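Scroll down for the structure; my scribbles are underneath it.
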Amino acid sequence: MAIDLISRKAWGARSPRGSHTRLDSTKGVKVHYTGGRVDPRIVDEHDRCTALVRSIQNSHMDGNGWIDIGYSFVACPHKKVFEGRGLNRLPAANGSGLNRGHYAVLGLVGNAGLLEPPDGMLHAILDAIDHTRQNGRAGDEIKGHRDGYATDCPGGPLYAWVRRGAPRPDGGGNGTPEPPGAPPFPGRLLKYPPVTRGDDVRTWQAKMAEREWEIDVDGAYGPQSRDVCRRFQRQQKIDDDGVVGPVTWRRTWEAPQG
Ligand SMILES: [Zn+2]
Ligand SMILES: [Zn+2]
């Protein structure tokens, strides 16, 4: 599948403080983690991923004194890839002397909080890697930051995955397995107010209509959708907040029809 790339403009990146150094090609990619605590709630709300990426850029520019975020790309649990420095630009995250060799791709897990990369994040890391190979003259290597540098980065779970050859998850496996038939969670909460609009809303409404709920399939999550959602949540004996999050989304496809 095509990469779901979030441009610097779209995530609100600051302008670099100087010019990037040109990088013509690399041997491949090094995989990183944040090294700090990652709030597990990013899994429920993609907006939190965006806020985290901005804060990482701030700390690299204001704390480390770098001209920009140090990573080439950042992968989040929602199978989305944030453009960091991007293609053909020297990263800063691999350590002195090691940045010409590899692009730097960060997975948003840490050494506390969110430890295990969800499948969506592994897909996103691989999408970023494919992107560097196809468009940024990256070679085949997939390594961890700790390869050739004294660090525990990218942490146990991500490093174990790298050592296994960085396989693409098949939907099962660890992390957040999707039940058969459930499309991937859209990565944002469907809620009201204000009205949430989009194809993800339409997809959810269509499935609810198929389950014989009285609901307009119009792609607009307003009071009617919220009320249907609440009644469905009560039926499912889950928190009836009237918001379609990952649990409600999954149940919409997974729950036996009563
Ligand atoms: Zn690292
Ligand atoms: Zn995200």
Side-chain angles (χ1 to χ4, degrees), residues 3-8 10-13 26 28-57 59-60 63-64 66 69-85 90-99 101-129 141-163 166 175-176 184-190 198 200 245-246 249:
I3 185 171
D4 187 353
L5 187 66
I6 304 172
S7 69
R8 292 176 63 96
W11 63 264
T26 71
V29 167
K30 282 190 173 167
V31 176
H32 297 254
Y33 79 157
T34 65
R37 182 178 188 279
V38 171
D39 186 343
R41 289 177 299 172
I42 68 166
V43 174
D44 300 326
E45 201 167 354
H46 174 68
D47 283 354
R48 291 181 190 275
C49 304
T50 308
L52 180 54
V53 172
R54 284 206 206 101
S55 79
I56 290 168
Q57 187 191 29
S59 95
H60 285 181
N64 299 6
W66 295 347
I69 189 170
Y71 303 107
S72 309
F73 296 94
V74 180
C76 86
H78 309 104
K79 207 175 176 297
K80 293 176 189 291
V81 178
F82 292 82
E83 181 183 27
R85 295 196 179 193
L90 191 71
N94 292 333
S96 177
L98 297 170
N99 289 307
H102 298 83
Y103 285 107
V105 175
L106 170 68
L108 287 179
V109 287
N111 62 9
L114 187 62
L115 298 169
E116 293 278 343
D119 284 356
M121 186 182 296
L122 298 180
H123 279 294
I125 292 172
L126 290 167
D127 290 347
I129 290 171
E141 285 186 5
I142 302 178
K143 297 203 161 189
H145 186 187
R146 70 172 72 167
D147 293 318
Y149 191 83
T151 172
D152 65 354
C153 182
L158 259 188
Y159 192 62
W161 174 73
V162 166
R163 292 298 299 239
T176 50
F185 179 65
R188 63 168 184 167
L189 300 174
L190 312 184
D200 45 1
W249 178 272

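Quick note: residue numbers are just sequence positions, from 1. Counting starts at 1 for both ligands and their atoms, following the listed order. What you are looking at is a predicted structure, and each value in this text was computed from that prediction instead of being measured.
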Query raised in the report: Hey, does Leu114 have a side-chain heavy atom less than 4.5 Å from the side chain of Val43?
Result: yes

Query raised in the report: Taking only residues two or more places apart in sequence or in another chain, which ones pass side chain to side chain donor-acceptor pair (under 3.5 Å) with Arg37?
Result: none

Report summary line: Sorted by chain and number, sequence neighbours left out, side chain to side chain donor-acceptor pair (under 3.5 Å) with Tyr71 holds for none

Donor-acceptor contact present, side-chain [X] to main-chain [Y], <3.5 Å:
| X | Y | result |
| --- | --- | --- |
| His102 | Glu141 | no |
| Ser72 | Ala104 | yes |
| Arg54 | Trp11 | yes |

Query raised in the report: If you leave out waters, which protein N, O or S atoms are less than 2.8 Å from the Zn ion (ligand 2)?
Result: His46 ND1, Cys49 SG, Cys76 SG, His78 ND1

Requested in this report: List the steps and the verdict of side chain to side chain donor-acceptor pair (under 3.5 Å) for Tyr159 and Asp152.
Outcome: CA-CA 9 Å; Tyr159 192 62; Asp152 65 354; over 6 Å; no

Query raised in the report: What do the steps show when you test Phe82 against Cys49 for side-chain contact (heavy atoms from CB on, under 4.5 Å), and what is the final call?
Result: CA-CA 9 Å; Phe82 292 82; Cys49 304; 4.0 Å; yes

Query raised in the report: Protein N, O or S atoms less than 2.8 Å from the Zn ion (ligand 1), ignoring waters?
Result: His32 ND1, His145 ND1, Cys153 SG

Query raised in the report: Charged N to carboxylate O below 4.0 Å: is that the case for Lys30 and Asp147?
Result: no

